[in-house]
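To keep things clear, I will list the structure first and then write my remarks on it.
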Protein chains: 2
Amino acid sequence: MSTLDTLSSIERPSLHEELTDRLRTMIVEGILVAGEKVPERALCEKLGVSRTPMREALKVLAADGLLTLQPNRGARVRAITVEELEEVFPLMGALEALAGELACKNVTDKQLQAVRKSHNAMLACFKSADMPGYFRYNQQIHEAILTAAGNQTLTTTYLSLAVRVRRARYLANMSQQRWQEAVDEHELILKALETRDGKKLSAILKQHLENKFATVRQWIQTQQEEQQQQGKV
Amino acid sequence: MSTLDTLSSIERPSLHEELTDRLRTMIVEGILVAGEKVPERALCEKLGVSRTPMREALKVLAADGLLTLQPNRGARVRAITVEELEEVFPLMGALEALAGELACKNVTDKQLQAVRKSHNAMLACFKSADMPGYFRYNQQIHEAILTAAGNQTLTTTYLSLAVRVRRARYLANMSQQRWQEAVDEHELILKALETRDGKKLSAILKQHLENKFATVRQWIQTQQEEQQQQGKV
DNA sequence: AAAATGAATTATGCATTCATTATTAATTTA
DNA sequence: TAAATTAATAATGAATGCATAATTCATTTT
């Protein structure tokens, strides 16, 4: 079962939006476990809402690819597969590339400063081997680049894809060597953005993502094999 | 008011999915008019469903960017603006480019044959100046390329963006000259696909879209000005 | 004891109801 | 008569209710 405790009740305009956000977070954080059923009733009781807005949120998240709805059998958290990953990553690559080009065109000095700050914070985390911290600042950087691109639709589209792989991305640990490489790539990312070199930034971002992709794919493959093992036993 | 008549009642597993599809179609076809409120009750009655699944569908379409939800004031069909267009088109460009590259890698002879068929049908429509027919086959071609790319996530993502601009795209009439150019571009598209030249196909598709973009942008600008005029009168 | 059948329970999908908020219509006031 | 105020009506958002389908559990059968 999932960790449904430690969740407080909610109130605010438009319950279903609040619920959509909450559930999304719970999926990314693994509180709602990939592959498992979404305990609709339990969630409603825990959050103090009725089934109507909850079910609206479930429909939205299903349309978004985070859940699958089985007729008469409720919602299930979509477990990412290698196949899905192979679909999502190239897409994210294309979008990051676009974001890089646009960001170089549109980034303001203030935004650049924000990226630098996240970058340095990320470096500090790397040096102290703080993976969760690194992950958080890393995400901040990529989102800051999206913001700098100044295209809300791009941001939304990208994030909806990113969320689908975020948990896998988080769980798939990098080797120390790969981690160092990732940091090096980030130096290049910052440099390209500072010099407003769109082509270069675009290319590095794409490469950076492809490298991450390789790590995550390997991890998922291991996971799937373990699942199969368990299925046999 | 909108043309809510000529709609038959429905039945099938998962009402909200059926409704989502129906409403999406109604928006693209202009039965639900951009900028106007969605007549929830009337739609429910017309389609013979309760408000619950209807509202689930509305939430999904809102998350998809086709509607906006105003708290306590229902749903409204999102009218596309120049700003939104300027956001959506570059994104579609990046995705079409990706689709082109992947399609050249993965297209089967059978799929290629399907594209050729649509292409020829489209040419026939051009010669007989049949815009609706042209538009339909044109769409078929682009969707066939997506299919050939063999990336379901790409298809879904692209279509969700394409739907948002489809109506404007349909209403924005091309000049005769531009139409001829578009047809010429389509010849190049077919050729690039036949020779599996990913780079070239990718580039042409992007250019093709940018040209379309220019036409649509002009049309929307005119529309917005007319709206403002009406607002003043 | 394992498989098969059937009853009890629970979950699911959708319709209905209800409280609240917005909108319109009617009335009053200046 | 035009603006302001109030009353009415309708719409929205969310909770509840209900019929059907799925699941679980007990019972029977082999």
Side-chain angles (χ1 to χ4, degrees), chain A residues 1-2 4 7-24 26-27 31-33 35-64 66-78 231 233, chain B residues 1-2 4 7-24 26-27 32-33 35-64 66-78 231:
Chain A
M1 243 288 289
S2 0
L4 287 180
L7 293 169
S8 52
S9 162
I10 57 180
E11 72 295 306
R12 96 159 177 187
S14 185
L15 274 187
H16 98 271
E17 280 184 39
E18 172 73 28
L19 287 173
T20 305
D21 286 350
R22 286 251 195 162
L23 293 182
R24 204 196 314 273
M26 288 165 78
I27 293 168
I31 295 169
L32 293 174
V33 183
E36 283 188 15
K37 269 191 59 173
V38 178
E40 185 184 303
R41 179 171 305 279
L43 278 172
C44 287
E45 283 168 15
K46 187 58 73 176
L47 297 172
V49 301
S50 77
R51 289 175 59 217
T52 306
M54 177 63 71
R55 290 170 60 79
E56 288 170 352
L58 295 180
K59 305 292 184 277
V60 169
L61 292 173
D64 220 45
L66 284 175
L67 302 175
T68 50
L69 300 179
Q70 306 165 292
N72 291 317
R73 313 178 82 193
R76 198 167 277 276
V77 181
R78 220 168 133 182
V233 174
Chain B
M1 242 289 289
S2 359
L4 286 180
L7 291 168
S8 51
S9 161
I10 56 180
E11 72 294 308
R12 96 158 178 188
S14 186
L15 274 188
H16 98 271
E17 280 184 40
E18 172 72 27
L19 287 173
T20 306
D21 286 349
R22 286 251 195 164
L23 293 182
R24 205 196 313 273
M26 288 165 78
I27 292 167
L32 293 174
V33 183
E36 284 188 14
K37 271 192 57 174
V38 178
E40 186 184 303
R41 177 172 306 278
L43 279 172
C44 288
E45 283 167 15
K46 186 59 71 177
L47 297 172
V49 300
S50 79
R51 288 176 61 215
T52 307
M54 176 64 70
R55 290 170 60 79
E56 287 171 352
L58 295 180
K59 305 291 184 275
V60 169
L61 292 174
D64 221 45
L66 284 175
L67 302 175
T68 50
L69 300 178
Q70 306 165 293
N72 291 316
R73 312 180 81 190
R76 200 167 275 277
V77 181
R78 221 168 132 181

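Computed from heavy atoms alone, side chains included, the values below leave out hydrogens, waters and symmetry copies. Note on naming: letters A, B, ... go to the chains in the order of the sequence lines (proteins, then strands), and numbering restarts at 1 for each one. Owing to the predicted nature of the structure, the values given are computational and were not obtained by experimental measurement.
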Practice task
Verify the contact: side-chain N or O of B/Arg41 to OP1 or OP2 of D/dA11, cut-off strictly under 4.0 Å; return yes or no.
Solution key: yes
Practice task
Give the rounded distance in Å between these two atoms: CE of B/Met54 and P of D/dA14.
Solution key: 18 Å
Handout entry: A/Arg55 side chain reached by B/Thr52 side chain, heavy atoms, under 4.5 Å
Key = no
Exercise for the section: Please tell me if the side chains of A/Val77 and A/Leu66 come closer than 4.5 Å, counting only heavy atoms from C-beta onward. Expected result: no
Handout entry: Separation of atom CD in A/Glu56 from atom C1' in D/dG13, rounded to whole Å
Key = 8 Å
Practice task
Find the distance A/Arg76:CZ to C/dA11:C1' and express it as a whole number of Å.
Solution key: 13 Å
Practice task
With the side chain counted from C-beta on, respond yes when A/Leu23 and A/Met54 share a heavy-atom pair under 4.5 Å apart, and no when they do not.
Solution key: yes
Problem - Nucleotide nearest B/Glu40 when distance is taken to its side chain, options C/dC14, D/dT12, C/dT12 - result: D/dT12
Handout entry: N/O (side chain, B/Arg55) to phosphate O (OP1/OP2, D/dG13) under 4.0 Å
Key = yes
Problem - B/Lys59 vs D/dT12: side-chain N/O to OP1/OP2 distance below 4.0 Å - result: no
Problem - Any A/Lys37 side-chain N or O less than 4.0 Å from OP1/OP2 of C/dT12 - result: yes
Fill in the blank from the handout: Here the distance between atom P of C/dT21 and atom CG of A/Leu15, to the nearest Å, is 13 Å
Handout entry: Protein-nucleotide distance (A/Arg51, atom CZ; D/dC18, atom C1'), rounded to Å
Key = 11 Å
Handout entry: Integer-rounded Å distance: D/dA11 P and B/Leu58 CG
Key = 15 Å
Problem - A/Arg76: partners by side-chain contact (heavy atoms from CB on, under 4.5 Å), with sequence neighbours left out - result: A/Lys37, A/Thr68, A/Gln70
Exercise for the section: For residues B/Ala62 and B/Leu69, report the shortest heavy-atom separation together with the two atoms involved. Expected result: CB-CG, 3.6 Å
Exercise for the section: Considering non-hydrogen atoms only, spot the tightest contact between B/Ser50 and B/Cys44 and give its length. Expected result: O-SG, 3.7 Å
Practice task
Mind listing the residues from residues 67-74 of chain A sitting with a heavy atom below 4.0 Å of DNA chain C? Number order is fine.
Solution key: A/Gln70, A/Asn72, A/Arg73, A/Gly74
Practice task
Could you tell me whether the side chain of A/Thr52 has a donor or acceptor atom within less than 3.5 Å of a complementary atom in the base of D/dA15?
Solution key: yes
Exercise for the section: Start with the C-alpha gap between A/Glu36 and A/Leu32, add the side-chain angles, then the distance that decides, and say whether side chain to side chain contact (heavy atoms under 4.5 Å, CB included) holds. Expected result: CA-CA 7 Å; A/Glu36 283 188 15; A/Leu32 293 174; over 6 Å; no
